[in-house]
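So the structure is just underneath, and the comments pick up after that.
Residue numbers run from 1 in the order of the sequence given. Whatever order the structure lists ligands and atoms in, that order sets their numbers, starting from 1. None of the values given here were measured: they were computed from a predicted structure.
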Amino acid sequence: MFVSLYAKAQEPEIGVMPDAPKIECHFDKYLAAPYYFDKEMANIDRGTIKEIEYKSFTVGTTRKATIYLPPHYSKKKKYPVLYLLHGIGGDHKEWMLGVPNIIMDNLYANNKAKEMIIVMPNGRAIPNDKAEGDIFSADKIKGFEIFERDLLTDLIPYIESKFSTYTDREHRAVAGLSMGGGQSLNFGLGHMEMFAYVGGFSSAPNTKMPEQLIPDVAKTKKENKLLWMVCGNQDGLMFNSSRLKNFCDKNGVPCTLIEYPGGKHDFVVWKYGLYNFAQLIF
Ligand code: FER
């Protein structure tokens, strides 16, 4: 299938952060993905990528998202939904740099994932939500926080009214890269009534402190079904992930953090994140 969407922006170079705190933690075992996991294979069924628009009462604008429907999507079936969030330099097209359609099509060809819809929104919920000007400015960053409300009260209801989806927490997952990883941890652990599965890939400094993410250890242990993270060992943002992993290990909360060998702050790590996370949800 020809993919006409493309992303305009890449995440900034975050590799070097000399004063980043180093937090010791136990990493989970890295297993390489098969060489073909992100390569377009011949003669397999393909899902479809579309751009959608929804009305945001939170922002007061019409907002865009990219959606992946799995091969043979049918209104006769119901699907779980993964909300997949981009980074500080991206928008609803950024994840296309990570060929999520190819990764998912390959997983389905090998029977390695449940059928799911993937929604890739614009996570900067402000009137000008483009990744332009100073992407690190306070108002642009604030948009990533405001998106919590846009996601929960505008986007999710829209998706569940227009597509054939399940509508319970056990059929919703949220994951993202960098700023989107921080958002996923914040929103996913903060709203376990909405999301049972949470993934953070190279999560950024918008990630809340562990005590805020998991104020009630027993409740998180009971309600969260997957807390899964990956971060490159060359990425200066590792402390956001290792801080949470450390807290989880100390408190007996099941949590995975894979240290991607030689991994930087880029799509090598994020594609690996999607490939693995998608096999573990639903
Ligand atoms: C920061 C460094 C990196 C930060 C955000 C990022 C909010 C995000 C990076 C990305 O999304 O790629 O200090 O502060």
Next item on the list: Check whether any side-chain N or O of Tyr79 sits under 3.5 Å from a backbone N or O of Ser74 as a donor-acceptor pair, and report yes or no.
Entry: yes
Item checked: Heavy-atom nearest option to atom 1 (C) of ligand 1, drawn from Ala204, Gly236, Pro205, Gly123 -> Pro205
Next item on the list: Just let me know how Ile141 lines up against ligand 1, side chain, backbone, both or neither, with a heavy-atom cut-off below 4.0 Å.
Entry: side chain
Note to self: Between ligand 1 and His265, can you find any atom pair, the residue atom being a heavy atom, that is separated by under 4.0 Å?
What the structure shows: yes
Margin query: Which residue is it: Lys64, Arg63, Lys140? I am looking for the one with a side chain to side chain donor-acceptor pair (under 3.5 Å) to Asp129.
Written below: Arg63
Item checked: For Gly87, atoms of ligand 1 separated by under 4.0 Å from a heavy atom -> 11 (O)
Notebook entry, point to check: Between Arg243 and Met209, is there a donor-acceptor pair closer than 3.5 Å when you use the side chain of the first and the backbone of the second?
Noted result: no
Check: Is the gap between the ring centers of Tyr272 and Tyr30 under 6.0 Å?
Finding: yes
